[in-house]
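Heads up, the thing below is written out as structure tokens.
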There are 2 protein chains.
Amino acid sequence: MAYSNQDLRSAGLKVTLPRVKILQILEDSDESSRHKSAEDVYQSLRDAGEDVGLATVYRVLTQFETAGLVTRHNFEAGHSVFELAETGPHDHMVDTESGNVVEFKDSVIEERQRAIAEEHGYEIVDHSLVLYVRKKDA
Amino acid sequence: MAYSNQDLRSAGLKVTLPRVKILQILEDSDESSRHKSAEDVYQSLRDAGEDVGLATVYRVLTQFETAGLVTRHNFEAGHSVFELAETGPHDHMVDTESGNVVEFKDSVIEERQRAIAEEHGYEIVDHSLVLYVRKKDA
DNA sequence: TTGGTTGCAAACAATTTGCATAAAT
DNA sequence: ATTTATGCAAATTGTTTGCAACCAA
């Protein structure tokens, strides 16, 4: 279920080299490196010998976000990280020592969130749950 | 249970006008405006006739954070907001239309978080849960 | 052809830092 | 008298924008 050029077209975006390459980079990353900053993506492009400007990386990532292809996170101040949106909604656990990110999903928490918002007369538009964790030493 | 000059001293910080004033501003804000950006604090200072530089506001807020007197949040990219730490751990609901912030606490969610981290061999060091919400139209 | 797209440089916004001066202990 | 803080301006960092050249449709 990888994104295709057709997905770009459907989003009203022309199929250009920068876009295709960036999408590829996001798809090719394994689970432990799904979350990349604009700078990360930019570096990957350079490593792959592609001559794409950093400004373009930002523009494309923002367009992808608008199109719903990627999700932007602000785990920490100062910079955003992006991830492909194909895995559906989920939350994150960030290992404070290794920087690793683990994804998880919990319906109990989801339901509680909904209920709490409702108690206050609200409906949830979006949410962000990040657990900052440390490996438990045996 | 307001913070005092003694708390500043205990944190190894000299009791200076900027620090006292900033602490005061954070304490005097009512529940609906507990969360302030550095710029907000800076404006409050100017409104109060105090001539404190913005750089100092940033420095002091960062020192307060280190000392555990305030907590920094990154609700959205681009800027941080700070709040007094005296109310203990809790989560946030941000009204996407008015910008209002509502605090809440839910032990069911807390327990699930703990359990989930544990399932992965982790212990929670910190966490951030923000619900972006919208008033439910009747 | 032609309107969307890119690269580059300049513009920006939030935050940090260097340094000489000023204030706290 | 010492040590720590402050204000200001300059420097950084992450991100956005203006614009002329460029490329996909």
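Per chain, numbering begins at 1; letters A, B, ... match sequence-line order.
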Residues within residues 71-79 of chain A bordering DNA chain C, heavy-atom distance below 4.0 Å: none
Touch class at under 4.0 angstrom, heavy-atom based, for L13(B) against every strand present: sugar-phosphate
Separation of atom NZ in K21(A) from atom P in dC23(D), rounded to whole Å: 17 Å
Check: D7(B)/S4(B) side-chain N/O donor and acceptor closer than 3.5 Å: yes
5' priority, DNA chain D, between K14(B) and T56(B) [closest heavy atom]: K14(B)
Polar side chain donor-acceptor pair, D47(B) to S44(B), under 3.5 angstrom: no
Phosphate contact (dT6(D) OP1 or OP2) by T16(B) side-chain N/O below 4.0 Å: yes
Residue of the set H92(B), H127(B), H79(B) for which ring pair (Phe, Tyr, Trp, His ring centres under 6.0 Å) holds with H73(B): H92(B)
DNA chain D contacts among residues 35-43 of chain A, heavy-atom distance under 4.0 Å: none
Parallel, tilted or perpendicular, as decided by the 30° and 60° cut-offs, for the rings of H35(A) and H90(A): perpendicular
Backbone N/O of V133(A) and side chain of T96(A): donor-acceptor pair under 3.5 Å: yes
Sugar-phosphate only, base, or nothing, as touched by R59(A) at under 4.0 Å among non-hydrogen atoms: base
Test item: R19(A) side-chain N/O and K14(A) main-chain N/O as donor-acceptor pair under 3.5 Å: yes
Protein-nucleotide distance (L54(A), atom CG; dG14(D), atom P), rounded to Å: 10 Å
